[in-house]
Protein chains: 2
Amino acid sequence: MDGTPDFKPLYLQVKDLMVRRLASGAWRPGEALPSEFQLADEFGVSQGTVRKALDELAAQNLLDRKQGKGTFVAQHTAQRALFHFFHLIADTGERALPGARMLSLAKAKADRGEAMRLGLRTGSLVIRLKRLRLLGQRVAIHERIVLPAALFPGFTDRLSVDVPNELYRYYEERYGVTVARAVEKLKAVAARPDEAKPLGLKNGAPLLEIDRLAYTVDGRAVEWRRSRCDTAGHHYISEIV
Amino acid sequence: MDGTPDFKPLYLQVKDLMVRRLASGAWRPGEALPSEFQLADEFGVSQGTVRKALDELAAQNLLDRKQGKGTFVAQHTAQRALFHFFHLIADTGERALPGARMLSLAKAKADRGEAMRLGLRTGSLVIRLKRLRLLGQRVAIHERIVLPAALFPGFTDRLSVDVPNELYRYYEERYGVTVARAVEKLKAVAARPDEAKPLGLKNGAPLLEIDRLAYTVDGRAVEWRRSRCDTAGHHYISEIV
DNA sequence: GAGTGGTCTAGACCACAGC
DNA sequence: CTGTGGTCTAGACCACTCG
């Protein structure tokens with residue numbers, strides 16, 4: 001009747017259960033998981049099967065395994081932001097997290113594009129955030145960020161200056177929203193007047209547009225971010241293996 | 001005296017031996033490897049240890065494992081080119097390999113930049129190739145490719161029109177040079193006259209520059225490619241996991 | 001030394017491809 | 001039916017961390 005073979009290895013079933021725990025917040029970022037043998041007992045499988053599930057989750061960067069210490073729920077640290085979620089680096093090879101200067105922060109009703117990308121109904125409330133970012137000393141990125149307001153209660157009540165530079169860590173610590181995965185679409189675009197001016201460029205200057213949708217571990221879109229970057233002296237790095 | 005702990009798991013030693021076979025051409029693209037048990041016998045380890053080495057090589061896309069059939073050396077097919085090595089896709093989500101139109105093909109002495117990137121001595125011979133590429137029906141990419149001439153004997157002797165669109169497959173089949181890995185650096189740049197004209201753009205129009213260095217399995221750089229792309233209606237995709 | 005993850009082994013059985 | 005890779009188990013031992 002169906003056609004789907006629907007055979008699912010044990011270790012994948014175990015993995016699904018673990019993902020559910022991560023998504024539900026039963027296991028929180030930074031926490032240590034029970035040992036492999038404890039988990040094996042709990043799930044009624046052998047330690048080897050648990051290990052295979054854990055290894056896959058670690059490969060997806062959802063867990064951190066440390067020999068001799070234990071298995072920990074991955075956490076958004078500065079290091080992770082820098083090496084995992086920020087791909088713009090200086091042409092010299094140096095990496096540094098860019099500073100940020102807030103331009104505006106407001107709550108509004110989602111337009112069609114925002115609603116579609118974030119999986120909301122048109123008219124749902126979203127938080128819109130604009131800021132400039134600095135590569136080295138130079139203002140080089142104009143950034144627009146859109147969040148579903150329902151997931152971030154009280155976000156706009158805070159003074160603009162309070163919203164920190166490292167947003168993913170902030171989402172995680174303050175709202176329990178962990179970004180696990182993102183898809184970036186890159187284009188070259190011409191700078192518009194409102195972007196060119198703060199970046200010290202002429203209208204029409206080439207900018208690298210990075211259009212990012214970020215997702216939680218259970219697949220909900222939680223942030224839409226569009227960064228327009230002056231890539232003089234910097235580049236976006238992408239490794240193909 | 002030394003400080004390096006230098007403990008190396010068996011499966012990594014086995015993996016190294018296998019990589020050497022791949023690099024040497026003892027195992028050629030498309031070929032089937034011996035079965036896990038045969039390999040285990042040959043290397044004097046258990047089948048589980050061989051499996052772990054094979055799994056890592058498969059994860060690096062150096063091998064293809066097919067249940068019920070065997071383990072095969074990865075090969076550059078159109079599919080692989082499309083999904084693995086070509087990241088420009090239409091904004092609609094459609095993917096298609098771009099056509100190519102050769103502009104020029106010549107042998108010359110490497111300049112400093114070419115020599116440095118390809119790990120050659122200045123003055124070594126390189127092959128320079130320029131072409132235009134089509135996204136859909138539109139000429140949208142201006143591409144410059146540089147190869148170490150020593151690895152591709154007779155390349156420039158062929159009529160330009162003979163050099164095929166899918167270069168990586170051609171390198172592999174004709175010269176036994178397999179591209180296993182690449183690093184791409186992306187920037188937004190302004191179109192120069194010689195680029196703008198064939199692309200039907202104004203001077204200074206924004207282009208996405210993709211600067212790629214491609215490596216063999218044993219880490220030698222074998223191609224430097226710089227593509228400048230008109231990204232109207234297309235984008236470069238990058239997934240962060 | 002006790003506890004954790006990492007490696008290695010050996011054997012049984014399952015899913016899949018192809019003759 | 002046979003051969004391949006894929007899963008699952010159980011047990012031994014190794015490397016690392018920390019008290």
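Computation of the quantities below employed the complete heavy-atom set of this structure, encompassing side-chain atoms and omitting hydrogens, waters and symmetry-equivalent molecules. Convention: sequence-line order gives letters A, B, ...; per-chain numbering from 1.
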### Task
Search all heavy atoms of N165(B) against all heavy atoms of A100(B) and return the closest pair with its distance.
OD1-CB, 3.7 Å

May I have the distance from [X] (atom [atom1]) to [N] (atom [atom2]), rounded to whole angstrom?
| X | N | atom1 | atom2 | result |
| --- | --- | --- | --- | --- |
| D64(A) | dT4(C) | CG | P | 18 Å |
| E56(B) | dC8(C) | CD | C1' | 15 Å |
| K66(A) | dC18(D) | NZ | P | 9 Å |
| L10(B) | dG6(C) | CG | P | 17 Å |
| L33(B) | dG3(D) | CG | P | 19 Å |
| Q67(A) | dC14(D) | CD | P | 13 Å |
| F37(B) | dA10(C) | CZ | P | 10 Å |
| D41(A) | dT9(D) | CG | C1' | 14 Å |

### Task
Run the ring-centre check on H76(B) versus F85(B) and record whether the distance is less than 6.0 Å.
yes

Which nucleotide, [options], lies nearest any side-chain atom of [X]?
| X | options | answer |
| --- | --- | --- |
| R65(A) | dC8(D), dG6(D), dG5(C) | dG5(C) |
| V45(B) | dC8(C), dT9(C), dG6(D) | dT9(C) |
| F7(B) | dT7(D), dA15(D), dA10(C) | dA15(D) |
| P9(B) | dT7(D), dG5(D), dT7(C) | dT7(C) |

Between the side chain of [X] and the main-chain N/O of [Y], is any donor-acceptor distance below 3.5 Å?
| X | Y | answer |
| --- | --- | --- |
| K185(A) | I210(A) | no |
| Q13(A) | K8(A) | yes |
| E223(A) | V146(A) | no |

Please determine if a side-chain N or O atom of [X] lies less than 4.0 Å away from the OP1 or OP2 oxygen of [N].
| X | N | answer |
| --- | --- | --- |
| R51(A) | dG6(C) | yes |
| K52(B) | dT7(C) | yes |
| K69(A) | dC18(D) | yes |
| T71(B) | dG5(D) | yes |
| T49(A) | dT7(D) | no |

## Note on the structure
Note: for L12(A) and Q47(A) on DNA chain D, the residue whose nearest nucleotide lies more 5' is L12(A)

#### Entry: Sugar-phosphate only, base, or nothing, as touched by Y11(A) at under 4.0 Å among non-hydrogen atoms
sugar-phosphate

